A.B. asks: 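Sharing a structure with you now.
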Amino acid sequence: MREIDVKRITEKVRDLCIEANTDLGEDVLRALDEAMEKEESALGIEILKELKENARIAKDEKVPLCQDTGFGVVFIELGQDVHLVGGSLKEAIFEGVRQGYRDGYLRKSICHPFTRVNTGDNTPAILHTEIVPGETIKITVAPKGGGSENMSRVTMLAPSEGVDGIKRFIVQRVKESGSNPCPPTIVGIGIGGTFEQAAFLAKRSLLRPLGSKNSDPELERLESEILTTINKLGIGPQGLGGRTTSLAVHILMMPCHIASLPLAVNIQCHAQRHKEVVI
Ligand code: SF4
């Protein structure tokens, strides 16, 4: 049994909040380069260039990529042979978010749903905790902006709607979202499970590096087909027309109840922020 003091978790979460908000991943930068090669709209190409320049300035000057620095979504993979000491895991993570948003001068965006009064420190965070084999902890911080999250949906399709119904719903969702989620987007899809599990799968699918293949060949084909259809919609970068509406479609799937076909679409803007560390 390995002991880990939760203070280390607070430090790591703090650093990851700042890093994720200021340093866009290499996979996203590569995807923007590839999109520029294919984009036919001159304005679309200009916007893609500006997104890369924005990312460069954010990294060099240690300023946020976007004014919306997001909800602190934290994925924890906790080894079952780890003994946490020094306090509560949840409180340690919340403290890390608090410190990260304070020290990184990141906008605090979390408020009471009715009064809209800001909580003042970007907490609470959203925690997804999984117990896994081993004696390490993997922490992933994935700040999620409100604009793209607002365009996301969960639906319970009739099983008879099948794969065609899934494709129709996803493409329609992207079409109706238009420029709202700051395209080019990454479209995270969760299929199966229950109502809440589909949403979790969709969110989790966004952590997969851009440009990587789905481990399931059937889903890989489906991702490619849906992406091609989406990029024919003409929404384009920032909704101003062009071929680059989405950079990728990522799907995670699991079995579902015989009476159900849960489907979640979690739309992620081009500010695809997530950083991870293993302790
Ligand atoms: S959708 Fe993304 S890029 Fe647009 S404002 Fe929100 S966080 Fe920023």
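No hydrogens, no waters, no symmetry mates; every other heavy atom, side chains included, goes into these values. Positions are given from 1 along the sequence. Keep in mind it's a predicted model, so treat the numbers as computed, not measured. We count ligands from 1, going down the list as the structure has it; atoms in each ligand are counted the same way.
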A.B. asks: Looking only at atom types and distance, does a side-chain atom of Glu3 sit under 3.5 Å from a main-chain N or O of Leu84, one as donor and one as acceptor?
C.D. replies: no

A.B. asks: How long is the gap from CZ on Arg208 to NZ on Lys213, to the nearest 0.5 Å?
C.D. replies: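 Arg208 atom CZ to Lys213 atom NZ measures 9.0 Å (nearest 0.5 Å).
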
A.B. asks: At what distance, to the nearest 0.5 angstrom, does NE2 of His83 lie from CG of Asp5?
C.D. replies: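 Those atoms lie 11.0 Å apart.
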
A.B. asks: Does the side chain of Thr244 come within less than 4.5 Å of Leu247's, by heavy atoms?
C.D. replies: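 Yes, side chains in contact.
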
A.B. asks: May I ask you to identify the nearest protein heavy atom to atom 7 (S) of ligand 1, giving residue, atom name and distance to one decimal place in Å?
C.D. replies: Arg273 NH2, 3.3 Å

A.B. asks: Under a 4.0 angstrom heavy-atom cut-off, which atoms of ligand 1 come close to Ser148?
C.D. replies: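 Every atom of ligand 1 under 4.0 Å from some heavy atom of Ser148: 1 (S).
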
A.B. asks: Is it true that some N/O/S atom of Cys66, main chain or side chain, lies under 2.8 Å from atom 8 (Fe) of ligand 1?
C.D. replies: yes

A.B. asks: Should you measure from each heavy atom of His270, which atoms of ligand 1 turn up under 4.0 Å away?
C.D. replies: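 Selected atoms, number and element: 3 (S).
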
A.B. asks: Glu95 and Thr10: side-chain donor and acceptor closer than 3.5 Å?
C.D. replies: no

A.B. asks: How many angstroms lie between atom CD of Glu34 and atom CE of Met36, to the nearest 0.5 angstrom?
C.D. replies: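 One finds 10.5 Å between CD of Glu34 and CE of Met36.
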
A.B. asks: Looking at ligand 1, would Gln238 count as a contact under a 4.0 Å heavy-atom criterion?
C.D. replies: no

A.B. asks: When you measure from atom 6 (Fe) of ligand 1 to every protein heavy atom, which one gives the shortest distance, and what is it?
C.D. replies: Asp68 OD2, 3.7 Å

A.B. asks: What atoms of ligand 1 come closer than 4.0 angstrom to any heavy atom of Gln67?
C.D. replies: 5 (S)

A.B. asks: Around atom 2 (Fe) of ligand 1, find the nearest protein heavy atom and jot down its residue, atom name and distance.
C.D. replies: Cys269 SG, 2.3 Å

A.B. asks: Between Asn231 and Ser246 (side chain of the first, backbone of the second, donor and acceptor by atom type, cut-off under 3.5 Å), is there such a pair?
C.D. replies: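 Here the side-chain-to-backbone pair exists.
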
A.B. asks: Within a distance under 4.0 Å of any heavy atom of Gly145, pick out the atoms of ligand 1 and give their elements.
C.D. replies: 7 (S)

A.B. asks: Atom 4 (Fe) of ligand 1: which protein heavy atom is closest, and how many Å away?
C.D. replies: Cys182 SG, 2.3 Å

